[in-house]
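Because only heavy atoms are used, hydrogens play no part in the values below, and waters and symmetry mates are left out as well, while side chains stay in.
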Amino acid sequence: AVPIILVCWLLLEIVLQVALRVNIDDRRTMIAERLRDVATAAAQTVSGEQHQMALGKDSLSKATFAEVIKPLAAMRTALGYAENWYTLTASETDETTFGIMTNPTPFTGDKYTFRDKGVAETFHRALREGKAGSTDIYKSDNGVWISGMAPIKDASGKAIAVLEVDISYKEYLVIEQQIRNQAWIMRAVGVLLSLILGFVLGRWIAKPVSRLRSAIQDFTARFSENPETATIDLHLQRSDEIGELGNEFITMSANLRKMSALTEQERRRAIRKSEQAAEDARNEVIEQQFYLEAEVARITTFLNSVRNNDLS
């Protein structure tokens with residue numbers, strides 16, 4: 001029963017691990033792809049020329065800034081994103097500056113340093129290849145995040161900034177922990193089910209196997225004492241492999257009895273032949289003895305006649 005319990009538990013653990021990993025990975029992938037798509041759609045509302053003009057300090061730049069931010073703010077509100085959206089200016093290093101943003105109090109021009117290599121790689125890839133992307137989960141001083149990034153391009157198609165859309169992953173981490181807790185509950189239930197299943201299957205398999213083993217041992221002892229009368233007491237009302245094995249052994253025991261009977265008959269036949277040969281040899285010896293005795297008597301008589309000069 002123990003091997004069966006271990007196998008059941010191992011199979012359950014593999015299924016749980018795969019299901020847990022697929023659930024969490026699929027959730028993260030879905031969120032990352034959505035962030036990438038939202039960032040792409042938001043970046044298309046801003047041209048590179050508008051973005052550069054909005055970064056100035058004059059009144060025209062401020063007006064352009066407000067004009068560019070309107071569709072971004074409206075989209076952010078419609079989609080229900082709590083975090084503000086912003087752009088990061090082009091840079092070949094891990095340090096850049098903030099561009100336009102939906103924050104009520106913009107901090108355009110402030111420096112931003114990438115602390116996570118994955119985030120920096122996503123930013124540089126958007127600038128270098130002009131393709132939107134998303135980050136893995138990363139930590140910052142303000143919490144745990146996942147971001148989508150899309151390039152903002154000018155009329156020539158060159159990426160001059162990257163628009164970033166963030167969401168806090170804190171709530172999702174709570175959900176993932178709840179999923180893991182549920183998995184532990186399922187593990188506990190699985191262990192209990194494995195014990196029950198292992199016990200039931202163990203009895204279902206081990207009991208007939210034990211009966212078969214005892215029957216074989218009993219038949220072996222009987223066969224050693226008297227092969228001709230040795231029988232096997234085995235009644236397995238099963239149609240599976242164990243039942244087939246029992247039937248095969250019953251057939252084998254019957255064949256052994258037949259072979260033993262044939263062997264005994266041949267042994268007896270050989271004994272009779274040996275006894276007959278011995279009898280024939282004894283009779284032949286007796287005949288030879290009679291013949292020799294007759295010859296000796298005849299020669300003796302002849303010699304006596306010669307000695308007595310009676311040659312008639």
Just by distance, with hydrogens left out, do Trp145 and Ser140 show a side-chain donor and acceptor under 3.5 Å apart?
yes

Step-by-step side-chain contact (heavy atoms from CB on, under 4.5 Å) determination, Ile100 to Val46
CA-CA 10 Å; Ile100 63 174; Val46 184; 4.3 Å; yes

Pairs involving residues 119-131, ordered by first then second residue, that meet salt bridge (charged side-chain N to carboxylate O under 4.0 Å, His left out) (sequence neighbours left out)
Glu121-Arg125, Glu121-Arg128

Residue list, salt bridge (charged side-chain N to carboxylate O under 4.0 Å, His left out) with Asp25, at least two apart or on another chain
Arg21

Residues two or more places apart in sequence or in another chain: which of them pass side chain to side chain contact (heavy atoms under 4.5 Å, CB included) with Glu92?
none

So does Ser47 get a backbone contact from the side chain of Gln50, meaning a donor-acceptor N/O pair under 3.5 Å?
yes

Restricting to pairs with a member in residues 137-148, which pass salt bridge (charged side-chain N to carboxylate O under 4.0 Å, His left out), not counting sequence neighbours?
Arg115-Asp141

Starting from Val174 and following side-chain heavy-atom contacts under 4.5 Å between hydrophobic residues (I, L, V, M, F, W, Y), which residues can be reached?
none

Not counting sequence neighbours, which residues clear side chain to side chain contact (heavy atoms under 4.5 Å, CB included) with Thr93? List them please.
Ser91, Glu95

Taking the side chain as every heavy atom from C-beta outward, state whether Val68 and His51 have any pair of such atoms under 4.5 Å apart.
no

Between Thr102 (side chain only) and Trp85 (backbone N and O only), is there a donor and an acceptor less than 3.5 Å apart?
yes

Candidate pair Asp166 and Ile146, rule side-chain contact (heavy atoms from CB on, under 4.5 Å), full reasoning
CA-CA 6 Å; Asp166 306 324; Ile146 185 169; over 6 Å; no

Are any of the side-chain heavy atoms of Val119 and Met149 separated by less than 4.5 Å?
yes

So, taking the atom named CG in Leu163 and the one named CG in Leu88, what distance separates them when rounded to the nearest 0.5 Å?
8.5 Å

Keeping Arg76 on the side-chain end and Glu83 on the backbone end, is there a donor-acceptor pair under 3.5 Å?
yes

Test log, rule side-chain contact (heavy atoms from CB on, under 4.5 Å), inputs Tyr172 and Ile31:
CA-CA 10 Å; Tyr172 293 100; Ile31 294 173; 3.4 Å; yes

Is there a donor-acceptor pair closer than 3.5 Å between any side-chain N or O of Asp116 and the backbone N or O of Gly118?
yes

Measuring from atom CD1 of Ile137 to atom CG of Leu173, what distance do you get when rounded to the nearest 0.5 angstrom?
5.5 Å

Name all pairs fulfilling the side-chain hydrogen bond (donor to acceptor under 3.5 Å, both in side chains) condition that reach into residues 150-164, sequence neighbours left out, sorted by first residue then second.
Tyr86-Glu164, Ser147-Glu164, Asp154-Ser156

So, Thr89 versus Thr97: side-chain donor-acceptor pair below 3.5 Å or not?
yes

In chain order, what residues pass the side chain to side chain contact (heavy atoms under 4.5 Å, CB included) check against Asp94, with sequence neighbours excluded?
Phe114, Ala120, His124

With side chains defined as the heavy atoms from C-beta onward, is the minimum distance between Leu55 and Phe98 less than 4.5 Å?
no

What donor-acceptor contacts under 3.5 angstrom involve side-chain atoms of residues 37-44, with partners at least two apart or in another chain?
residue : atom : partner : partner atom : Å
Thr40   : OG1  : Arg36   : O            : 2.8

Got a sec, which pairs hit side-chain hydrogen bond (donor to acceptor under 3.5 Å, both in side chains) with one end in residues 52-74, sequence neighbours left out?
Asp58-Ser61

Go through the steps for Thr87 and Val162 under the test side-chain contact (heavy atoms from CB on, under 4.5 Å), then give the verdict.
CA-CA 5 Å; Thr87 64; Val162 173; over 6 Å; no

Can you name the nearest heavy-atom pair linking Pro151 to Ala126, along with the distance?
CB-O, 3.6 Å

With sequence neighbours left out, the residues meeting side chain to side chain contact (heavy atoms under 4.5 Å, CB included) with Thr45 are Pro71, Leu72, Met75

If hydrophobic residues (ILVMFWY) are linked whenever their side-chain heavy atoms come closer than 4.5 Å, directly or via other members, who joins Met53 in its cluster?
Leu60

